[in-house]
Structures are given as C-alpha cells and as structure tokens.
Protein chains: 2
Amino acid sequence: MIQAESDMLKKLAKFMKTIGDANRLKIIWVIGKEERSVSEIINETDLSQTLVSFHLKILRESDIVETKRIGAFIYYSLGNPELIDLLSACGEYVYRTTGEIEPGFIRPFPLWFNEKF
Amino acid sequence: MIQAESDMLKKLAKFMKTIGDANRLKIIWVIGKEERSVSEIINETDLSQTLVSFHLKILRESDIVETKRIGAFIYYSLGNPELIDLLSACGEYVYRTTGEIEPGFIRPFPLWFNEKF
DNA sequence: ATAATATATGAGTAAATACACATATTGGTG
DNA sequence: CACCAATATGTGTATTTACTCATATATTAT
C-alpha cells in the first residue's frame with residue numbers, strides 16, 4: 001500500500017472517528033433538521049451545557065458544523081448538508097446488516113430528514 | 001429526543017467508531033478488493049501480525065468481515081460489500097468538504113473499487 | 001455599572017482504545 | 001510424533017477520548 005493511500009485512509013478514519021460518537025451524532029441529528037442555538041441543542045439532546053460545548057468545539061474544528069451569532073445566541077448548522085445523506089446511508093447499512101429491529105425502531109436519519117434537500 | 005432515536009444513534013456511533021480507525025480501514029481496503037488471508041493482509045498493510053489479528057477480531061465481532069478457513073489459512077472478506085459503497089461515499093464527502101488534494105492524491109475507495117459490484 | 005443569560009474554555013479525572021510482547025492454538029508436513 | 005507455519009489470545013501499558021467542575025467571556029437588560 002502506497003503512502004498516499006495510507007494518508008487518505010488516515011484522513012477518512014479521522015473523519016469517521018469524529019462523527020462516530022453518540023453524543024455528537026445526537027447533536028448532528030438535532031441541527032441537521034434545522035439550525036439550532038446551543039441552548040436548543042442542550043434542551044433537545046439532554047446533555048449538559050459543558051458537554052455540548054465540548055462536542056461542538058470538536059465538530060467546529062472538523063468543519064462539520066458552522067456557526068452564526070445572533071445577539072447572545074450562537075446558531076449551529078451543518079457545514080455540508082450532504083452529511084445527512086451520508087449518515088442516512090450509514091444507518092441503512094447498519095439496519096440492513098444487523099437486521100436488528102426493536103419495537104419502536106426508528107431508522108436513524110430517516111426519509112423526512114432529507115425532504116428539504 | 002425519544003429513547004428509540006437515542007438508541008439507534010448509539011448503534012450508528014458504535015458502527016462508525018469501529019470503522020473509524022486507520023488500521024482497520026487499511027484492512028478493509030485490502031480485503032475489499034478481494035478476500036485475503038491474514039498473512040496477505042499483514043504483507044499489504046505493513047502491520048504486525050498481532051496488530052492485524054487484534055483488529056480482525058474487532059471487525060469479526062462487529063460482523064464487518066467474514067472468515068473462511070482453507071487449510072492453515074484463514075481468508076477474510078467483507079460481510080457486506082455495500083460497505084465499500086459507504087466508504088466511497090464517505091471519501092467523496094471528505095474530499096469535497098475539505099478540498100484538500102495533495103500531490104499523488106488518491107481518493108479512498110476509488111471507482112475501480114466498485115467495478116465488481 | 002450590575003446582574004443575568006448564553007456560550008466557551010482550562011484543568012483534572014476516569015474510562016476506552018490501540019498497541020506490544022509473550023504465549024497459545026490450529027493445521028500441515030516430514 | 002515432532003516441527004513449522006498461520007493465526008489467535010491474554011496481559012500489561014501508554015495514549016486518547018469523553019466527561020465533570022469550576023471559571024471565563026460575551027451579550028443583553030435593568
């Protein structure tokens with residue numbers, strides 16, 4: 001395996017590791033629907049303020065989310081809405097591969113998610 | 001956010017975390033082309049035997065790879081070839097989002113990868 | 001200017017993860 | 001059977017990562 005391949009795989013791994021966290025996915029899920037202020041994210045995810053800020057920093061530094069300040073509020077949105085398609089595809093893969101369906105199952109990032117794209 | 005959503009995101013995160021490792025991606029990259037014995041994986045990835053076995057175990061337990069024994073050799077292949085499409089899509093996302101292209105750039109899981117599907 | 005709300009950050013900690021080294025297991029061959 | 005090659009596993013360790021708590025910064029309102 002040549003170096004360039006190895007390097008690219010390393011970048012890809014970094015990206016997947018960044019979104020491979022349940023709390024960050026929660027946040028992405030929430031702001032994927034529509035941009036949200038930090039307080040809204042805290043409410044909808046049920047995570048502590050500090051924890052949300054912690055993960056938002058990681059998402060910011062990975063250019064996964066963008067910010068916009070309006071007054072005292074800072075609104076977060078996806079840097080690239082394609083991410084939702086990607087996560088949908090991943091959800092589909094996991095769904096089809098594991099075959100696990102619990103009662104009340106909800107496929108991650110379901111169809112309504114993409115309605116606006 | 002309801003519990004079922006949260007649970008699904010947790011599963012999705014687990015999956016992404018599993019494939020979000022450079023060495024495991026290397027392995028997936030190698031066996032994605034065609035099934036490979038452990039020795040072949042070791043050679044092509046330049047990882048130690050122990051390390052390859054370590055990661056293969058993780059990939060096995062996540063049902064990402066399958067095994068087939070032929071004599072003393074154990075051949076690994078992808079449990080679900082869709083995974084390559086998924087990773088291709090992720091590579092495309094990273095490529096388009098970051099815009100980083102180095103000399104000798106090779107897009108992860110490029111087109112030839114999917115020729116057989 | 002003070003207080004209150006919204007958000008970010010630094011330091012410390014606990015847990016998860018990747019890894020190396022030594023050893024075990026399995027199968028093939030003389 | 002003894003020996004060798006292929007692969008797996010157990011244990012210890014170092015690094016990374018997620019998290020909490022306390023505190024800082026920024027904005028608005030009084």
Side-chain angles (χ1 to χ4, degrees), chain A residues 6-7 9-31 34-77 79, chain B residues 1 6-7 9-31 34-77:
Chain A
S6 195
D7 288 350
L9 291 177
K10 215 174 287 180
K11 278 188 191 168
L12 188 52
K14 194 179 167 210
F15 167 70
M16 310 216 59
K17 192 167 292 187
T18 302
I19 57 178
D21 175 272
N23 287 336
R24 285 194 286 275
L25 280 184
K26 269 189 175 186
I27 293 173
I28 290 171
W29 161 282
V30 162
I31 73 180
E34 191 136 40
E35 69 175 13
R36 294 268 190 265
S37 69
V38 178
S39 332
E40 289 170 330
I41 296 172
I42 294 168
N43 286 332
E44 300 194 28
T45 59
D46 254 311
L47 303 175
S48 75
Q49 183 269 315
T50 306
L51 189 54
V52 167
S53 261
F54 169 75
H55 285 301
L56 283 175
K57 184 179 189 181
I58 293 173
L59 293 172
R60 249 185 291 129
E61 290 174 346
S62 317
D63 293 314
I64 289 171
V65 299
E66 287 176 348
T67 61
K68 175 175 73 178
R69 176 181 279 274
I70 297 182
F73 295 80
I74 298 184
Y75 286 87
Y76 280 79
S77 56
Chain B
M1 183 177 309
S6 195
D7 288 350
L9 292 177
K10 215 174 285 179
K11 278 188 192 170
L12 188 52
K14 194 179 167 210
F15 167 70
M16 310 215 60
K17 190 167 295 186
T18 301
I19 57 179
D21 175 273
N23 288 336
R24 285 194 287 272
L25 280 185
K26 269 190 175 186
I27 293 173
I28 290 170
W29 161 281
V30 163
I31 72 179
E34 191 135 40
E35 68 175 13
R36 294 269 190 265
S37 69
V38 178
S39 333
E40 289 170 330
I41 296 172
I42 293 169
N43 286 333
E44 299 194 30
T45 59
D46 253 312
L47 302 175
S48 76
Q49 182 269 315
T50 307
L51 189 53
V52 167
S53 260
F54 169 76
H55 285 301
L56 283 176
K57 183 179 189 180
I58 294 172
L59 292 172
R60 248 185 292 128
E61 290 174 344
S62 317
D63 293 313
I64 289 171
V65 299
E66 286 175 350
T67 61
K68 173 174 74 178
R69 176 181 279 275
I70 298 183
F73 295 80
I74 298 183
Y75 286 88
Y76 280 80
S77 56

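Scope of the values below: all heavy atoms of this structure, side chains included, with no hydrogens, waters or symmetry mates. Chain letters run A, B, ... following the sequence lines, proteins first and then strands; every chain starts at 1.
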Subject >> Nearest non-hydrogen partners of B:Ser77 and B:Glu35, listed with the distance >> reply: CB-CB, 3.8 Å
Original post:
Could you give the CG-to-P distance, from A:Leu56 to C:dT7, as a whole number of Å?
Top reply: 10 Å
Original post:
Heavy atoms under 4.0 Å, any strand shown: does A:Tyr75 hit a base, just sugar-phosphate, or nothing?
Top reply: nothing
Original post:
Pairs in or reaching into residues 48-57 of chain A: which pass salt bridge (Lys or Arg N to Asp or Glu O under 4.0 Å), with residues at least two apart or in two chains?
Top reply: none
**OP:** Starting from the 5' end of DNA chain D, give me the residue, A:Ala72 or B:Lys17, whose nearest nucleotide shows up first.
**Re:** B:Lys17
Original post:
Taking atom C1' of C:dA18 as reference, at what distance in whole Å does atom NZ of B:Lys26 sit?
Top reply: 14 Å
Subject >> Atom of B:Asp21, atom of A:Ala13 and distance for their closest heavy-atom approach >> reply: C-CB, 3.6 Å
Original post:
Between B:Val38 and B:Ile42, is any pair of side-chain heavy atoms under 4.5 Å apart?
Top reply: yes
Original post:
Among B:Val65, B:Ile58, B:Ile19, whose side-chain contact (heavy atoms from CB on, under 4.5 Å) with B:Arg24 holds?
Top reply: B:Ile58
**OP:** Scan residues 46-55 of chain A against DNA chain C and write down, sorted by residue number, each residue with any heavy atom closer than 4.0 Å; if none is found, say none.
**Re:** A:Gln49, A:Thr50, A:Ser53
Original post:
For C:dT9, does either OP1 or OP2 sit under 4.0 Å from a side-chain N or O belonging to A:Arg60?
Top reply: yes
Subject >> side-chain N/O A:Tyr76 vs C:dA8 OP1/OP2, d < 4.0 Å >> reply: yes
Subject >> Atom-pair distance (CD1 on A:Ile70; C1' on C:dT7), nearest Å >> reply: 15 Å
**OP:** Report yes if some heavy atom in the side chain of B:Ile41 is under 4.5 Å from a heavy atom in the side chain of B:Leu56; otherwise report no.
**Re:** yes
Original post:
What pair of heavy atoms forms the shortest contact from A:Gly20 to B:Met16, and how long is it?
Top reply: CA-CB, 3.7 Å
**OP:** To the nearest Å, give me how far apart CZ (B:Phe73) and C1' (D:dT7) are.
**Re:** 10 Å
Original post:
Within the pair B:Arg69 and D:dA6, is there a side-chain N or O less than 4.0 Å away from OP1 or OP2?
Top reply: no
Original post:
Of all of residues 61-68 of chain A, which get a heavy atom below 4.0 angstrom from DNA chain C, listed by number?
Top reply: none
**OP:** Find the distance B:Asp21:CG to C:dT17:P and express it as a whole number of Å.
**Re:** 11 Å
Subject >> Rounded interatomic separation in angstrom, taking CD1 from B:Ile58 and P from D:dT9 >> reply: 12 Å
**OP:** For residues B:Ile27 and B:Val52, report the shortest heavy-atom separation together with the two atoms involved.
**Re:** CD1-O, 4.2 Å
Original post:
If every non-hydrogen atom of B:Ser39 is compared with every non-hydrogen atom of B:Phe73, which pair is closest and at what distance?
Top reply: OG-CE2, 3.9 Å
Subject >> Length of the line joining B:Leu25:CG and C:dT17:C1', which is rounded to integer Å >> reply: 16 Å
Original post:
Taking CD1 from B:Ile74 and C1' from C:dG27, how many angstroms apart are they, rounded to a whole number?
Top reply: 10 Å
